[in-house]
Amino acid sequence: MRLSAELHCHIEGAADPQLVNEQARKYGADASRYIRDGSFVWHDFTSFLEAYDFAADLFRSEDDYARLTEHYLTSLARDGAIYSEIFISPDHARKAGLSPQAYTDALGEGIMRARDKTGIEGRMIVVGIRHFGVEAVEAAARFAARRENPLVTGFGMSGEERHGDLEDYVRAFEIAREAGLGITVHAGELAGWKSVAAALDHLRPSRIGHGVRAIENPDLVRRIAEQGVVLECCPGSNIALEVFPRFADHPFPKLLAAGCKVTLNSDDPPYFWTSLRKEYDIAAEHFGMDEKALAKVTRTAIEAAFVDRKTKAALFARLDRKSR
Ligand SMILES: Nc1ncnc2[nH]cnc12
Ligand SMILES: [Zn+2]
């Protein structure tokens with residue numbers, strides 16, 4: 001089996017339509033506006049976020065979140081994943097009626113259960129939601145910085161990239177950095193190369209969520225390669241959201257050829273009709289990558305992981321055993 005690792009998946013966005021329908025029944029909600037014929041319904045980024053927020057609101061108890069995480073990571077491991085970082089959103093939990101601490105501990109419990117069953121290692125990246133505003137993102141950073149759950153190892157920001165000015169979010173990222181958390185930020189997905197440059201200038205992340213629209217500026221691509229910034233690429237998501245028209249137009253192969261560190265990720269898998277395994281298959285089919293090149297992508301992900309050195313060494317040992 002091909003081994004893989006994932007750095008970019010929003011846990012609320014990993015709940016498949018069947019599970020969301022079960023949650024809707026449990027809480028007496030009507031999901032028919034957002035799920036039809038067993039598939040999520042949306043037509044652009046704004047309506048995607050609406051469907052996402054609706055589904056997230058149906059995860060309300062500690063048990064809901066623990067089961068979601070256990071279920072997602074167990075299926076990921078069955079597809080060959082040995083490591084996964086999930087984006088977690090205390091704001092979504094609070095809206096659903098759960099405290100950030102209870103939410104994080106429940107997700108941590110799900111991670112541990114999946115590890116006990118399959119051996120997959122998991123960590124959490126707290127994200128602030130950009131369009132919820134600067135105050136909310138700073139509050140998420142302060143929560144992450146307390147590091148009350150040891151599996152929280154990173155901080156990031158997702159949401160509507162076209163909202164607000166990145167410079168206004170500097171404080172949030174400084175709070176997280178001072179706490180020793182790994183830093184990543186969504187940029188260069190819905191907005192162009194300038195958004196990626198601004199993220200590097202102001203937030204100094206070691207990784208960028210997406211970042212693919214850096215391709216619009218060759219100097220920026222060179223900068224990313226030279227600085228060793230890791231791109232969390234999500235090709236299936238990009239095609240579904242029409243960031244690029246076809247896989248043949250996706251810049252992944254060009255970024256790789258330019259020396260950028262690239263990884264493969266599923267983002268919000270059922271919304272974009274994908275999975276981590278499908279992303280690797282897409283790279284094989286559309287980007288001409290052989291198994292050796294895909295194994296290198298997995299190594300890049302482990303190298304860039306927000307995880308302690310000992311765990312990282314154990315993950316590399318698993319990859320080495322496989323390649324012998
Ligand atoms: N693809 C995406 N971009 C920005 N924010 C998100 N939140 C969940 N999925 C996202
Ligand atoms: Zn994302």
Connecting only ILVMFWY residues whose side-chain heavy atoms lie within less than 4.5 Å of each other, what is the rest of Ile175's hydrophobic cluster? none
Between Arg171 and Glu174, is the closest basic N to carboxylate O distance under 4.0 Å? no
Can you confirm whether Arg277 is buried at CZ, in the sense that more than 12 heavy atoms of other residues, nucleotides or ligands lie under 6.0 Å from that atom? no
Distance-minimising heavy-atom pair for Leu68 and Ala14: CD1-C, 4.4 Å
Lys/Arg-Asp/Glu bridge criterion (N-O < 4.0 Å) met for Arg2, Asp281: yes
Are any side-chain N or O atoms of Asp64 and backbone N or O atoms of Arg60, one a donor and one an acceptor, separated by less than 3.5 Å? yes
Single-linkage hydrophobic cluster Phe244~Leu241, side-chain heavy atoms < 4.5 angstrom: yes
Give the C-alpha distance, both sets of side-chain angles, the deciding distance and a yes or no for side-chain contact (heavy atoms from CB on, under 4.5 Å) between Thr153 and Met124. CA-CA 6 Å; Thr153 55; Met124 294 182 267; over 6 Å; no
Do Ile86 and Val127 belong to the same hydrophobic cluster, where Ile, Leu, Val, Met, Phe, Trp and Tyr are linked whenever their side-chain heavy atoms lie under 4.5 Å apart, directly or via other members? no
So, Glu216 and Lys194, do they make that salt bridge, N to O below 4.0 Å? no
Who passes side chain to side chain contact (heavy atoms under 4.5 Å, CB included) against Ala198, sequence neighbours left out? Leu166, His202
Other residues, nucleotides and ligands only: do more than 12 of their heavy atoms fall within 6.0 Å of CD on Gln18? no
Start with the C-alpha distance between Val196 and Leu220, add both sets of side-chain angles, then the distance that settles side-chain contact (heavy atoms from CB on, under 4.5 Å), and finish with yes or no. CA-CA 8 Å; Val196 181; Leu220 179 60; 3.9 Å; yes
Ignoring hydrogens, what is the shortest heavy-atom contact between Met1 and Asp79? Give both atom names and the distance. SD-C, 3.8 Å
Check this for me, if you would: do Glu85 and Arg207 make a salt bridge, where the nitrogen-to-carboxylate-oxygen distance has to be below 4.0 angstrom? yes
The residue among Tyr271, Phe40, Phe54, Trp42 that forms ring-ring contact (aromatic ring centres under 6.0 Å, His included) with Tyr34 is Phe54
How are the rings of His186 and Phe87 set to each other: parallel, tilted or perpendicular (split at 30° and 60°)? tilted
May I ask you to check whether over 12 heavy atoms, not counting those of Lys26, lie within 6.0 Å of atom NZ? yes
Could you state whether Leu255 and Ile282 fall into the same hydrophobic cluster, counting links through intermediate Ile, Leu, Val, Met, Phe, Trp or Tyr residues with side-chain heavy atoms under 4.5 angstrom apart? yes
Salt bridge or not between Arg204 and Asp201? Use side-chain N to carboxylate O under 4.0 Å. no
Would Phe48 and Tyr52 satisfy ring pair (Phe, Tyr, Trp, His ring centres under 6.0 Å), going step by step from the backbone distance to the final call? CA-CA 6 Å; Phe48 153 68; Tyr52 179 99; 5.8 Å; yes
Sorted by first residue and then second, give each side chain to side chain donor-acceptor pair (under 3.5 Å) pair with at least one member in residues 142-151; sequence neighbours left out. Asp105-Asn149, Arg146-Glu148
Glu121 and its salt bridge (charged side-chain N to carboxylate O under 4.0 Å, His left out) partner, picked from Arg318, Lys312, Arg115: Arg115
Is Asp320 salt-bridged to Arg299, going by a charged N under 4.0 Å from an acidic O? yes
Kindly give the heavy-atom pair with the smallest separation between Ser275 and Ser266, and that separation in Å. C-CB, 3.9 Å
Can Ile111 be reached from Leu276 by stepping across I, L, V, M, F, W or Y side chains whose heavy atoms are under 4.5 Å apart? yes
Are Val185 and Phe155 joined in one hydrophobic group, where the rule is that I, L, V, M, F, W and Y side chains link up if heavy atoms are under 4.5 Å apart? yes
